[in-house]
Amino acid sequence: MSVELDLSKKPAQSGPANLAGLANLAGAGREGLRQAMVAAGVEDKKARMRATQLWRWIYHYGVTDFSKMTDVAKELRGVLGERFVLERPDIRAAQTSVDGTRKWLVGYGPNVEAECVYIPDVGKAGALCVSSQVGCTLTCTFCHTGTQKLVRNLSAAEIVNQVMIARDALEEWPTSNEDRRLTNIVFMGMGEPLYNLDNVAEAVDTIADGDGISISRRRITVSTAGVAPKIPELGARTGAMLAISLHATNDDLRDELVPLNKKYDLKALFDAIRAYPDLSNSKRVTFEYVMLKGVNDTLAEAKDLVKLLKGVPSKINLIPFNPWPGTRYECSDWETIEAFAEILNRAGYASPIRTPRGRDILAACGQLRSESVKEKASERLKKRLAEKETQ
Ligand code: SAH
């Protein structure tokens, strides 16, 4: 598993760049914290224990200041404060929908931004939809994020920091097991999580850790457009719940809607799904199916869907298409969606129609996008030269 903590006094790799150039420990994994302790001069054999103390302060209490860590020796607190920070990334915009959905535009550096969304009344209390990449390499034709090229993968710490921001906003520190408002995490924001699996797996470990944020793996869902070879590995490494963005029941249509299907067709996808560890009635795969008017919403397709899912413990999530500026698709009519759902229900599938949430602030499924673009190498060079000249 990759450890991305930069322990030198350069800007942190694992978190937001800090003005003073100190490494950021917020979002770090256990091994990253242990290394930080060694770098701060703690003896090797005591480093793990000290890291555990720090872990509780960061992920159970949510503190952003070393001086609050009252059970850490004063001297060590001082050293930590000189070398490290515990900072959240910038929140560049925060919006609340009329339905209570909240969206944050999180800044990870100049021109590197990703969105995350808190949706109340999902799961036991509320779900946070996190991004795993800035932009996306996939080009699903109905998805707004798909119109934004990949800028870069988010590090594990940057993913974890989306959860930290939400817990700050919901005032959910210290971690409590009662009356939580944030109970579920879904990797359904920007990006394809299975193209950033190392960092996603490390982030899941941090979020699920019972001494910290403590959101159990059963309440963490990772959604993929179908990177077949990585699907069983996702299960083995994270124990998370699996969601598949299916959207079509035959290869021709799926090739068009989710071009990744040309690489991993339905057969390859379903072989991989069947190999997901521990599938059972209590651990089912969620299939997401976006309802596109006149494209994939006939009743014959509902019946095909039932056939396709045979033998796979499944739930189906029908997602009314969420429009975005410039899209060529429309959402299916409500009666069509209900008739489609009825066929699935009769075949024994729970198939809730996902109520669109946060559409007014472009926070609903597939509407996320940021303005970030990857700088061309030539632009980076130009900037570096300009910086040199001003030094
Ligand atoms: N790349 C991953 C993670 C993104 S999840 C994946 O594809 O699963 C986001 C979910 O919203 C996916 O199921 C996606 O297909 C769906 N989606 C994308 N655009 C949408 C839109 N405009 N309306 C409704 N759902 C959409």
Side-chain angles (χ1 to χ4, degrees), residues 101 103 114-117 119 122 127-150 153-154 159 162 184-197 199-200 203 220-228 230-231 234 240-248 253-254 256-261 263-264 269 272-273 276 285-293 295-297 314-332 337 351-370:
T101 301
K103 180 168 92 166
E115 296 190 310
C116 70
V117 177
I119 314 146
V122 172
L128 186 72
C129 177
V130 296
S131 293
S132 55
Q133 297 182 315
V134 176
C136 192
T137 53
L138 306 177
T139 50
C140 302
T141 48
F142 52 88
C143 179
H144 200 194
T145 313
T147 64
Q148 181 184 6
K149 284 199 181 138
L150 179 73
N153 282 341
L154 291 177
I159 297 169
Q162 296 172 46
N184 293 59
I185 303 290
V186 293
F187 283 78
M188 295 186 186
M190 292 161 61
E192 171 47 53
L194 297 198
Y195 282 152
N196 187 16
L197 183 53
N199 293 336
V200 166
I220 301 177
T221 301
V222 178
S223 177
T224 176
V227 187
K230 296 272 178 188
I231 287 175
L234 168 75
M241 306 297 283
L242 175 66
I244 301 286
S245 294
L246 190 61
H247 310 316
L253 181 59
R254 199 163 189 270
E256 190 185 313
L257 299 178
V258 184
L260 181 66
N261 195 70
K263 197 160 180 193
Y264 309 113
L269 178 59
I273 294 169
Y276 200 75
V285 181
T286 301
F287 287 91
E288 296 155 282
Y289 195 95
V290 63
M291 298 299 295
L292 303 169
K293 187 176 193 163
V295 175
N296 65 354
D297 60 355
S314 330
K315 286 186 274 197
I316 303 161
N317 232 319
L318 296 180
I319 316 176
F321 171 67
N322 293 305
W324 39 270
T327 180
R328 60 180 134 126
Y329 295 106
E330 281 177 75
C331 182
S332 307
I337 302 180
S351 52
I353 303 170
R354 199 188 281 171
T355 330
R357 304 296 302 267
R359 271 188 179 174
D360 54 331
I361 55 166
L362 284 185
C365 289
Q367 292 185 315
L368 304 188
R369 194 181 189 281
S370 68

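Note that the numbering runs from 1 along the sequence shown for the chain. Atoms within each ligand, like the ligands themselves, are counted from 1 in listed order.
In the model, Thr224 has a side-chain atom that pairs as donor or acceptor with a side-chain atom of Glu192 under 3.5 Å.
The two atoms that bring Val222 and Pro193 nearest to each other are CG1-CB, 3.7 Å, heavy atoms only. The minimum heavy-atom distance linking Gln133 with Gly191 is given by the pair OE1-CA, 3.4 Å.
The ring-ring contact (aromatic ring centres under 6.0 Å, His included) search around Tyr264 returns none, not counting sequence neighbours. Every residue two or more places apart in sequence or in another chain that forms a side chain to side chain contact (heavy atoms under 4.5 Å, CB included) with Thr147 is listed here: His144, Trp324, Arg369. Residues passing the side chain to side chain contact (heavy atoms under 4.5 Å, CB included) test with Val258 are Cys140, Phe142, Ala225, His247, Arg254, Leu260, sequence neighbours excluded.
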Sub-3.5 Å pairs, protein N or O with ligand 1 N or O:
| unit_1 | atom_1 | unit_2 | atom_2 | d |
| --- | --- | --- | --- | --- |
| ligand 1 | 1 (N) | Gly191 | O | 3.0 |
| ligand 1 | 1 (N) | Glu192 | OE1 | 3.0 |
| ligand 1 | 7 (O) | Ser245 | OG | 3.3 |
| ligand 1 | 8 (O) | Ser223 | OG | 2.6 |
| ligand 1 | 8 (O) | Thr224 | N | 3.4 |
| ligand 1 | 8 (O) | Ser245 | OG | 2.6 |
| ligand 1 | 13 (O) | Ser245 | OG | 2.6 |
| ligand 1 | 13 (O) | Glu288 | OE2 | 3.1 |
| ligand 1 | 15 (O) | His247 | NE2 | 2.6 |
| ligand 1 | 22 (N) | Phe142 | O | 3.0 |
| ligand 1 | 22 (N) | Asn322 | O | 2.8 |
| ligand 1 | 23 (N) | Asn322 | N | 2.9 |
| ligand 1 | 23 (N) | Cys365 | O | 3.3 |

